[in-house]
Amino acid sequence: MSGEKTTEKHRQYPYHEIEAKWQRFWDENETYRTPNPAEAGFDASRPKFYVLDMFPYPSGDGLHVGHPEGYTATDIISRYRRKKGSNVLHPMGWDAFGLPAEQYAIKTGQHPRITTGRNVERFREQLKRLGFCYDWSREINTTDPEYFKWTQWIFLQIYNSYLDEETQKARPVAELEARGMSREEIDARRLAYVAEVQVNWCPGLGTVLANEEVLDGKSEVGGFPVERRPLRQWMLRITAYAERLIEELEGLDWPAGIKRHQREWIGRSEGADVRFPVAASTKHITVFTTRPDTLYGATYMVLAPEHPLVDEITTPEQRAAVEAYRAEVAMKSDLDRTALAKEKTGVPTGGMAINPVNGEHIPVWIADYVLISYGTGAIMAVPAHDERDFEFARQFGLPVRKVVEPPEGVTDECFLGDGVAIHSPIFDGQPTPEAKRKITAWLEGRGLGRKTIHYKLRDWLFARQRYWGEPFPIIWEDGRHYAVPEAELPVVPPELEDYQPTGTPEPPLAKAKEWVRYGEHAMRETNTMPQWAGSCWYYLRFIDAKNHTRLVGAEAERYWMGANPNPGGVDLYVGGTEHAVLHLLYARFWHKVLYDLGYVSTPEPFQKLVNQGLILGEDGQKMSKSRGNVINPDQVIEEYGADSLRLFEMFMGPLEQVKPWSTKGVEGVYRFLGRVWRLVHDENGDFSPKVRDAGPPAKLLRVLHETIRKVETDIDAMSFNTAIAQMMVCVNELTASEVRPVSVLAQFLHVLNPFAPHLTEELYQILTARFPVLPPGPLSGLAWPKFDPGYLIEDTMEIVVQVNGKVRDRLVVPVDIDAETLKAAVLASERVKELVNGKEIKKVVVVPKRLVNVVL
RNA sequence: GCCCGGGUGGCGAAACCGGCAGACGCAAAGGACUUAAAAUCCUUUUCCCGGCAACGGGAGUGCGGGUUCAAGUCCCGCCCCGGGCACCA
């Protein structure tokens, strides 16, 4: 950014001075501080509006142009709502735990707290330079002990709760204790529990990862290989909430795609568990199937290789083959086990199972296409009506038996749809849904099975072997876990000299021997929470960020989250699609637990969700350092000002859409702001003589009020690009006008203010200095102008005349013309008479206020 | 393979509930101002044909059909691009 470039470029207006001046003003006056109920300055008569941005991870690279996109949208809405008379809560904070800071610490030995602090400073500075109206008095940081104290506290609430089956609500485990339940029984029901599970161990990062953090067998962060191994881990019982997490999406105003995505992720599946006795044994294999009606078509069974019954079932002849196969599967990454591996593999165990409906003996195989983690880890294979089973049967020459007659005309070898049951004595001739019901009842009656629901959703692996995260408020003694007393929160991580992973699944915190030692025989838990933890509840902390006695004050929570009939508390939540599943699902889960326990007043956290679209580089490619197409917001602000950057990001296209950057486009909106400046200034930069306290002509009033109306509806619809287009129309009109009445200019500045707050404040101040009739600023504190439809009324309108659907003429007629008169006028017009030319008129369609179509 | 999102001028895009396709901006061209340039202001700009012109005619919203007085918009069948999921029984 050589000084040359910027000084040589013609300045449209002195944005540097203006922006710095107003940012200082806002800071010094705490213009955007929002009082809570019961605080000084709180006005209970106004409606509340909580607008939230997904808070950023303050990376070392600073802000990129993607951040200001959503942030500007919410800023406009916040400013607009305030001017329209709402109490607006619009906070910002930092999701600052996480790997990059820790990786940096490993490299440099510098404490992550230092780098995080530095990054936060930079981010805050950058956001302020964009002129966002955040209430900075509510700023939070997930790494601040005052904050994560409550993250740990919430964990303890989860730890100390179980799900009451009957009410489907979380209840304190103390109730189970009171009922005389044993410690083991209670531990087995806690919503936070320890289990030995197959985990994704990533040696490269020295940590275990959630399924969601593993992509194609590699870590999402860093792309290191990930292997499976069993480990004792903290888990959160999110599956207990599966049903509610699906059901309660209903009342939310979220994009349909995101709702669908969450539903699919949870993956509810209704069917039946069926017990197959193992031949020559007292054991049973329980399978889950969504097609119990195909029970007669089961020609073999498959267990997941990890299934506990495998050892027992395997015959001596098959043992070697089974062991070899299991070893082979254990080596495979998830990638190798998925559909990308074309050929199905498996081996027979030699064991046989008995089909409960007909007593038939069928062979039991193991194959890795059956997953231990879903359903019961075992299936009955019906190759005639399941593609995977069909493929497997083909591969190994297993029999295929058709038991569903497809509808007429369908000749698929493997038919998956609904039809009519055949070769199924108990319910032959029944349509599929009937057959399902009938066989399920039959099985239930004999104790051979029952109707069940399974979910794809797994419990949430909540532990990480990292340094830079929230320590668990847990103590181990004699192999048992206990909650750290609430009074001892927060549990602050120890200082370390060496952040290097241990190379084993033992977390780095274990190196701090003194810290780990809690008592004579007691040790601290050394795992830390995943990065998701802090973001699961941050929207609550914003409401009452300084509360020392509660995670959020009850009254403030009720006011900002409640106060409307919707299930969700935050009125508008804007962020990227990358959080469609994980963050939004986890936050909903925590929120529901807190709701059940009575700490929050709504069942859902976020009422309305909007995803902003990705901004691509100027070349239409994803921005990346390697492509060299990254746009730096600091530089854009330097060259065009923050108002231009804000305006351009909103003018590029619809918020939700993916769209490419354009430097020429920034120049375009920059010129527009220059034109706004010149509405008030002449070419020498002096106050323009065209600005006068004059009665505005009807033409200007019309365009002004059209603009007020359009900008209102467009902001409500978050259609910022079209709002800006209309403001451009308005400015073009004002520019062309020889007289620019100050009343019109002032109202226009109100309308532009949420989009370009700095420039409009400055111009308004200039106007008020000359015209004391105007109410004194700042503009942001004054009410939005009132739209008056009266100014839009015209007495004539233009009607399009079509002949056979083609535009052939236009007619100017009085607006109050009736259909008959209009029709007559059209038929009488020269052009129509000419085109009709004696032909028969079949029909005349009159669309009031729009057009008349003469059909020949 | 499946599920989303999207295909409209040279480019970003707009178009209420089916009613003038291309608002607004960019780029381009011409003009005014200027010694000159930049900046600014004004004008033109979907494509093709005819005309000196005002204008007139035709085509046109990824492709092919359909419904309708009228389709970018609704229905059926495809093609292409972007994103996500991926043996969940």
Side-chain angles (χ1 to χ4, degrees), chain A residues 8-12 216 255-258 260-261 264-265 267-269 271 287-291 294 302 334-335 337-341 344 367-371 373-382 385-389 391-392 454-458 577-578 580-581 611 613-614 616 620 622 647-648 651-654 656-669 671-672 674-675 678 683 713 719 721-732 735-736 798-810 842-856:
Chain A
E8 271 180 19
K9 187 187 288 264
H10 181 86
R11 282 274 165 78
Q12 290 278 344
D216 295 341
I258 302 285
R260 193 173 13 224
H261 202 167
E264 278 168 16
W265 189 267
R268 185 184 196 276
S269 182
V287 302
F288 173 63
T289 176
T290 54
R291 292 297 301 270
T294 61
V302 185
D334 274 4
L335 176 67
R337 283 185 69 156
T338 58
L340 289 175
K344 284 207 169 18
D368 67 357
Y369 82 93
V370 173
L371 309 173
S373 51
Y374 181 75
T376 61
I379 61 156
M380 63 173 199
V382 184
H385 305 291
D386 182 287
E387 267 178 335
R388 298 152 298 187
D389 298 345
E391 208 183 302
F392 190 81
H454 286 274
Y455 301 91
K456 277 200 250 184
L457 183 70
R458 309 288 147 83
T577 5
E578 66 272 22
V581 180
N611 296 120
L614 200 66
L616 304 174
K622 215 174 210 156
L647 208 62
F648 175 64
F651 190 60
M652 293 168 84
E656 298 88 337
Q657 198 168 295
V658 177
K659 44 211 175 286
W661 187 264
S662 157
T663 299
K664 289 290 181 191
V666 186
E667 281 171 14
V669 294
R671 270 200 290 270
F672 163 70
R675 282 164 76 86
R678 288 189 299 274
E683 55 275 22
T713 54
S719 175
N721 53 332
T722 52
I724 294 166
Q726 178 61 36
M727 289 190 276
M728 287 172 169
V729 170
C730 188
V731 168
N732 290 346
T735 298
E798 197 185 65
I799 292 289
V800 166
V801 177
Q802 295 186 337
V803 175
N804 283 339
K806 296 203 179 220
V807 180
R808 286 293 127 103
D809 200 5
R810 279 147 214 278
K842 291 209 190 91
K843 190 172 176 181
V844 179
V845 181
V846 179
V847 182
K849 292 187 195 298
R850 290 201 184 272
L851 60 71
V852 176
N853 188 6
V854 180
V855 185
L856 300 178

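Chain naming here is simple, since letters A, B, ... match the order of the sequence lines and numbering starts at 1 in each. What you see is a predicted model, and the numbers here were worked out from it, not measured in a lab.
Taking the nucleotide of RNA chain B with the nearest heavy atom to each of A:R260 and A:V847, the more 5' of the two is matched to A:R260. Toward the 5' end of RNA chain B, the nearer of the two residues A:V845 and A:M380, judged by each one's closest nucleotide, is A:V845.
Counting distance only, with no hydrogens placed and no angle test, the side-chain atoms of A:K842 and the base atoms of B:C69 include no donor-acceptor pair under 3.5 Å. With hydrogens and angles ignored, a donor-acceptor pair closer than 3.5 Å exists between the side chain of A:R810 and the base of B:C20.
Out of B:A13, B:G19, B:A89, the shortest distance to the side chain of A:K659 is found at B:A13. Comparing B:G84, B:C20, B:G19 by their nearest atom to the side chain of A:E798 picks out B:C20. With B:A70, B:C20, B:C16 as the candidates, the nucleotide lying closest to the side chain of A:L851 is B:C20. The side chain of A:P654 approaches B:A13 more closely than any other nucleotide in the set B:U40, B:A13, B:C69. The listed nucleotides are B:C69, B:C87, B:C4; the one nearest the side chain of A:Y369 is B:C87. For A:R678, taking side-chain heavy atoms from C-beta onward, the closest of the listed nucleotides B:C41, B:A89, B:G19 is B:C41.
Relative orientation of the A:Y374 and A:F288 rings is perpendicular, given thresholds of 30° and 60° on the angle between their planes.
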Item to check | Pair pattern of RNA chain B in dot-bracket, where unpaired bases get dots and | marks partners in another strand, Watson-Crick or G-U under 3.5 angstrom | outcome: (((((((..(((......[....))).(((((.......))))).(((((....)))))..(((((..]....))))))))))))....
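Taking atom CG on A:D809 and atom P on B:C20, their separation rounds to 16 Å, with Å as the unit. Taking atom CZ on A:F672 and atom P on B:A13, their separation rounds to 20 Å, with Å as the unit. Protein atom CG of A:L457 is 16 Å distant from nucleotide atom P of B:C85, rounded to whole Å. Rounded to a whole Å, the CD atom of A:E264 is 11 Å from the P atom of B:C85. If you measure from atom CD of A:Q12 to atom C1' of B:U40, you get 9 Å, rounded to the nearest angstrom. When the P atom of B:A86 is taken as reference, atom CG of A:L371 falls 11 Å away, rounded to whole Å. As rounded to whole Å, 18 Å separates atom P of B:C3 from atom CD1 of A:I258. Separating the CD atom of A:E656 from the P atom of B:G6 is a distance of 10 Å, rounded to the nearest angstrom.
Between A:R291 atom CZ and A:I379 atom CD1 the span is 14.0 Å, to the nearest 0.5 Å. Atom OG1 of A:T289 sits about 11.5 Å away from atom NE2 of A:H385, to the nearest 0.5 Å. Here NZ of A:K456 is found 11.0 Å from CG of A:L371. Values are rounded to the nearest 0.5 Å. To the nearest 0.5 Å, the span separating CZ on A:F648 from CD1 on A:I724 amounts to 10.0 Å. The distance from atom CZ of A:R810 to atom CD1 of A:I799, rounded to the nearest 0.5 Å, is 11.0 Å.
Summarising the geometry of A:G377 relative to A:V370, their closest heavy-atom pair is O-CG1, 3.6 Å, with the distance given to 0.1 Å. When all heavy atoms of A:M380 and A:D389 are compared, the closest pair comes out as O-OD2, 3.8 Å. Across all their heavy atoms, A:N853 and A:G805 have their closest contact at OD1-N, 3.0 Å. The minimum heavy-atom distance linking A:M728 with A:V669 is given by the pair CE-CG1, 4.2 Å. Minimum interatomic distance between A:A580 and A:I258 (heavy atoms only, all atoms of both residues): CB-CD1, 3.4 Å. Between A:V846 and A:P848, the closest heavy-atom pair is O-CD, 3.5 Å.
Note on A:E387: nothing from the nucleic acid sits closer than 4.0 angstrom, heavy atoms only. Across all strands shown, A:H454 has no heavy atoms under 4.0 Å from either base or sugar-phosphate atoms. At a threshold of 4.0 angstrom between heavy atoms, the contacts of A:V800 include nucleobase atoms, whether or not backbone atoms are also involved. In this structure, A:K806 reaches the sugar-phosphate backbone alone: every heavy-atom distance under 4.0 Å involves primed, P, OP1 or OP2 atoms, never a base.
The same atom, P, is picked in B:C55 and in B:G7; the two are 33 Å apart, to the nearest Å. The P atoms of B:G22 and B:G56 are separated by 16 Å, rounded to the nearest whole Å. To the nearest whole angstrom, the two C1' atoms, one in B:U61 and one in B:A15, are 11 Å apart. Atom C1' of B:G18 sits at a distance of 8 Å from the matching atom of B:C74, rounded to the whole Å. A gap of 23 Å separates the C1' atoms of B:G62 and B:U68, to the nearest Å. A gap of 12 Å separates the P atoms of B:A54 and B:U44, to the nearest Å. With P as the reference atom, B:U8 and B:G82 are 15 Å apart, rounded to whole Å. B:G19 sits 15 Å from B:C75 when the P atoms are compared, rounded to a whole Å.
For B:G84, neither phosphate oxygen OP1 nor OP2 lies less than 4.0 angstrom from any side-chain nitrogen or oxygen of A:T577. Taking only side-chain nitrogens and oxygens, A:Q657 never comes nearer than 4.0 Å to OP1 or OP2 of B:G12.
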Identify each atom pair where a protein N or O and an N or O of nucleotides 53-57 of chain B are less than 3.5 Å apart, giving names and distance.
{"residue": "B:G57", "atom": "OP1", "partner": "A:R831", "partner atom": "NH2", "Å": "2.6"}

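Of the possible donor and acceptor atoms, one in the side chain of A:K659 sits under 3.5 Å from a partner among the backbone N and O of A:Q657. Formation of a donor-acceptor pair under 3.5 Å by the A:D386 side chain with backbone atoms of A:A381 is not found in this model.
Regarding the sugar-base torsion, B:G9 falls in the syn class, its angle being within 90° of 0. By the rule that a glycosidic angle within 90° of 0 means syn, B:C17 counts as syn.
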Checklist entry - Reading nucleotides 23-33 of chain B 5' to 3', which nucleotides get B (base under 4.0 Å from a protein heavy atom), which S (sugar-phosphate only), which -? => result BBSSS------
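A 6.0 Å sphere centred on CD of A:E387 holds no more than 12 heavy atoms belonging to other residues, nucleotides or ligands.
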